[in-house]
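Read the structure below first, then the notes.
Both backbone and side-chain heavy atoms feed into the values below; hydrogens, waters and symmetry mates do not. Source: prediction; values computed, not measured.
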Amino acid sequence: QASSLPLAPRRCEVMAPMKRPADCAKTAGAAAKVARKATGDLSHAELSAVICAVTKARGLPREVVGMLADNIERALFAFKEDRHTFQDQVVRMIGEVLLSEQAAAERSVGELECNFTALYSERPARRDSVTSAAARAQERVQASKARLAELRE
């Protein structure tokens with residue numbers, strides 16, 4: 001017997017296109033990074049970051065910082081096997097500068113963490129001090145109001 005209900009639509013035999021997985025962009029970015037490293041190609045942002053870090057280096061004479069900053073591009077854009085020994089020396093010096101800056105930053109972070117820990121441990125005592133000072137101020141306000149009322153009488 002025929003049913004009066006319409007037949008269910010046929011399922012499409014071809015699957016709908018799938019969305020790209022979220023990590024696909026990361027994979028593509030990683031592949032591009034590997035390709036850049038393989039070809040020795042640095043992006044403008046990476047080169048700018050290195051130049052900025054070297055020019056902000058502390059403890060070096062301005063002339064040395066200028067010399068390194070001027071030669072970063074020439075030294076880093078050359079393939080390692082094609083570099084002259086002077087370019088290798090520049091790359092090594094840049095690495096030393098960046099490592100010393102990293103060590104200084106880590107020391108600074110350590111000192112700041114110690115300061116934070118010391119201040120944070122003093123927080124309850126400071127809170128109690130503020131509370132007692134506010135109570136004393138309130139008492140003085142009340143005393144001055146009472147004295148003012150006495151003087152008015």
* **Side chain S144, main chain R140, donor-acceptor under 3.5 Å** => yes
* Asked: Run the salt bridge (charged side-chain N to carboxylate O under 4.0 Å, His left out) check on R136 and E139 step by step: do they pass?
  -> CA-CA 5 Å; R136 282 193 311 270; E139 290 171 3; over 6 Å; no
* Asked: Is V65 reachable from M67 through a run of I, L, V, M, F, W or Y residues, each pair having side-chain heavy atoms under 4.5 Å apart?
  -> yes
* Please report the shortest heavy-atom distance between V54 and I94, naming the atom on each side. => CG2-CG2, 4.1 Å
* To do: Start with the C-alpha distance between E46 and V50, add both sets of side-chain angles, then the distance that settles side chain to side chain contact (heavy atoms under 4.5 Å, CB included), and finish with yes or no.
  => CA-CA 6 Å; E46 291 170 329; V50 171; 5.8 Å; no
* **Value rounded to 0.5 Å, distance of OG1 in T55 from CD1 in I72** => 7.5 Å
* Could you walk me through whether E96 and L99 pass side chain to side chain contact (heavy atoms under 4.5 Å, CB included), step by step? => CA-CA 5 Å; E96 290 172 7; L99 286 175; 5.8 Å; no
* Yes or no on side chain to side chain contact (heavy atoms under 4.5 Å, CB included) for V91 and K80, after CA distance, side-chain angles and deciding distance? -> CA-CA 10 Å; V91 170; K80 186 173 183 175; over 6 Å; no
* Asked: Can you check side chain to side chain contact (heavy atoms under 4.5 Å, CB included) on Q89 and F86, steps first, answer last?
  -> CA-CA 5 Å; Q89 289 174 355; F86 293 154; 3.7 Å; yes
* Any idea which heavy atoms bring R83 and L76 closest together, and the distance? -> NH2-O, 4.1 Å
* Asked: Would you say Q87's side chain and H84's backbone share a donor-acceptor pair under 3.5 angstrom?
  -> yes
* Where do P124 and S121 come nearest, in terms of heavy atoms and distance? -> CD-O, 3.5 Å
* Asked: Do M93 and L47 belong to the same hydrophobic cluster, where Ile, Leu, Val, Met, Phe, Trp and Tyr are linked whenever their side-chain heavy atoms lie under 4.5 Å apart, directly or via other members?
  -> yes
* Is the CD atom of E122 crowded by more than 12 outside heavy atoms at less than 6.0 Å? -> yes
